[in-house]
Amino acid sequence: MPTDATALQLVLSGDPALFAIVRLSLYVSLSAVMLAALIGIPLGALIALTKFPGRQGVIVLLNALMGLPPVVVGLAVYLALSRSGPLGAFGLLFTPGAMIIAQTVLVTPIIAALTRQTVEDLWLEYRDELTAMNLGPLGRVAALIWDARFSLVTALLAGFGRAAAEVGAIIIVGGNIEGFTRTMTTAIALETSKGDLPLAVGLGLVLIAIVIAVNALAWTARRAGERMAG
């Protein structure tokens, strides 16, 4: 890593170390969002369409979990994956797999809560039509998720933004190991403490570019949904 290189030169020259960190960050964050979507979208839709005792309490808890402190999640996942923990036999601690698990725990409540609100709003709008079609619970969930697909893309991108910017949980369970578990956020924290500002700033530029791209995609998805809805 050239110590006298500027941050912009590192980015434009395609520095291998920098882009290896970027690739790992995207792999971990996208994998976590995919897993969170598989859990959060059906969960949010079921809560939206199901009446059960304590439902309001579940909704309040789900909304509260959107603000889970990352270091607490990191500690909980660390304890679960440690050698003496219930999942210690899998040997996932200090691997990208552990980082994906930690980010999944953080992102799932965001996707589930946004899905619940979106599907509930649509249910109020289409309740009479779906009831007249005599669809069962699973049919209603499928129909409303399909109708809300553009809004749900926004929820997924919100989850990705949380995952990509996260540092507290993944540094606890990943260990920030060079070439193995070092991501953009953990590398920025480490390189800043070491005084290697070109790499830290270069990674910061890439992270900002990714966040801007994510927001642009969210805006495009929302506009597309509005046009299709008329």
Side-chain angles (χ1 to χ4, degrees), residues 5-41 63 65-74 96 98-115 117-118 149-174 176 181-193 196-226:
T6 66
L8 193 58
Q9 285 175 331
L10 286 174
V11 176
L12 296 179
S13 65
D15 183 81
L18 185 147
F19 280 95
I21 294 172
V22 173
R23 282 195 297 272
L24 177 63
S25 297
L26 292 176
Y27 166 71
V28 170
S29 298
L30 290 173
S31 298
V33 171
M34 184 178 67
L35 290 175
L38 292 175
I39 301 169
I41 290 177
N63 290 338
L65 292 178
M66 293 174 69
L68 270 174
V71 290
V72 176
V73 172
M99 300 158 74
I100 291 171
I101 292 173
Q103 288 196 351
T104 301
V105 174
L106 285 169
V107 173
T108 298
I110 296 174
I111 294 177
L114 294 176
T115 299
Q117 185 64 59
T118 300
R149 58 193 182 282
F150 292 107
S151 297
L152 295 182
V153 169
T154 303
L156 296 181
L157 293 174
F160 176 77
R162 171 72 184 266
E166 202 285 318
V167 61
I170 59 173
I171 202 169
I172 292 175
V173 301
N176 198 23
T181 60
R182 185 164 295 174
T183 65
M184 285 188 285
T185 51
T186 59
I188 289 172
L190 176 67
E191 299 303 329
T192 301
S193 67
D196 188 356
L197 295 182
L199 179 57
V201 174
L203 288 168
L205 291 174
V206 174
L207 185 57
I208 290 173
I210 291 174
V211 170
I212 292 173
V214 166
N215 279 276
L217 284 172
W219 181 84
T220 302
R222 186 169 58 251
R223 291 284 295 174
E226 290 172 354

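Contact check for Ile101 versus Val173: no side-chain heavy atoms found under the 4.5 Å cut-off. No side-chain heavy atom of Phe160 sits under 4.5 Å from any side-chain heavy atom of Val211. Glu166 places none of its side-chain heavy atoms less than 4.5 Å from the side chain of Thr185. With a 4.5 Å cut-off on side-chain heavy atoms, Ser29 and Met184 do not count as touching. Between Thr181 and Met99, some side-chain heavy-atom pair lies under the 4.5 Å cut-off. A heavy-atom distance below 4.5 Å is found between the side chains of Val206 and Ile210. Here the side chains of Thr183 and Ile171 are not in contact, with every heavy-atom distance at 4.5 Å or above.
Between the CG atom of Leu68 and the CG atom of Leu106 there is a distance of 6.5 Å, given to the nearest 0.5 Å. With rounding to the nearest 0.5 angstrom, the CD1 atom of Ile111 is 11.5 Å from the OG1 atom of Thr118. Rounding to the nearest 0.5 angstrom, the gap separating the CZ atom in Phe19 from the CG atom in Leu24 is 14.5 Å. Note that OG1 of Thr104 is 9.0 Å distant from CE of Met34, once rounded to the nearest 0.5 Å. Expressed to the nearest 0.5 Å, how far CG of Asn176 lies from CD1 of Ile170 amounts to 8.5 Å. Rounding to the nearest 0.5 Å gives a distance of 10.5 Å between CD1 of Ile41 and OG1 of Thr108.
A donor-acceptor pair is defined here as one N or O able to donate and one able to accept, closer than 3.5 Å; such a pair exists between the side chain of Ser193 and the backbone of Leu190. Judged by distance alone, the side chain of Arg23 and the main-chain N or O of Leu18 form no donor-acceptor pair under 3.5 Å. A donor-acceptor contact shorter than 3.5 Å links the side chain of Gln103 to the backbone of Ala163. Under the 3.5 Å distance criterion, the side-chain polar atoms of Arg182 are left unmatched by any main-chain donor or acceptor of Ala187.
The minimum heavy-atom distance linking Ile172 with Gly74 is given by the pair CG2-O, 3.6 Å. When all heavy atoms are compared, the tightest approach of Asn63 to Ala113 is OD1-CB, 3.5 Å. Across Ala36 and Val107, no two heavy atoms sit closer than the pair CB-CG1, 3.7 Å. Residue Val71 comes nearest to Gly168 through the heavy atom pair CG1-CA, 4.2 Å, listed as atom of the first residue, atom of the second, then distance.
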